Amino acid sequence: MMVLKLLFGVVIMAVVFFMLTFTVYFFNLDMKMAARIMPWISKRYDKVKKEKRL
C-alpha cells in the first residue's frame, strides 16, 4: 500500500510539472520574462568596463 501511495505521488508530481512546463511553453512566458528584464540586464552590461584589445 505504501508503494502505491508513493507511486501515485510521483505520478501527480510529474503531471503537475508537465502542466507547468507546457503552460510556460504555450504562452511563451520565458521569452516574455526575458524581454522584461532585458533593459535591466543591458543597463548593467553597458556599465561594465570592456577590454578593447583585439
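These figures come from a predicted structure and were not determined experimentally.
Remark: Phe17 CZ to Phe22 CZ distance equals 14.0 Å, nearest 0.5 Å. Interatomic distance, Met31 CE to Arg36 CZ, rounded to the nearest 0.5 Å: 14.5 Å. Between Tyr45 atom OH and Met38 atom CE the span is 10.0 Å, to the nearest 0.5 Å. Atoms CE and CG, on Met1 and Leu4 in that order, are 6.0 Å from each other to the nearest 0.5 Å. Atom CD1 in Ile12 sits 10.5 Å away from atom CG in Leu7 (nearest 0.5 Å).
Environment of NZ in Lys50: crowded, with over 12 heavy atoms of neighbouring residues, nucleotides or ligands closer than 6.0 Å.
No continuous path of hydrophobic side-chain contacts links Val16 to Phe18 [ILVMFWY only; heavy atoms under 4.5 Å].
Between Met13 and Phe8 there is no side-chain heavy-atom pair separated by less than 4.5 Å. The closest side-chain heavy-atom distance from Asn28 to Asp30 is below 4.5 Å.
Between Leu29 and Thr23, the closest heavy-atom pair is CD1-O, 4.1 Å.
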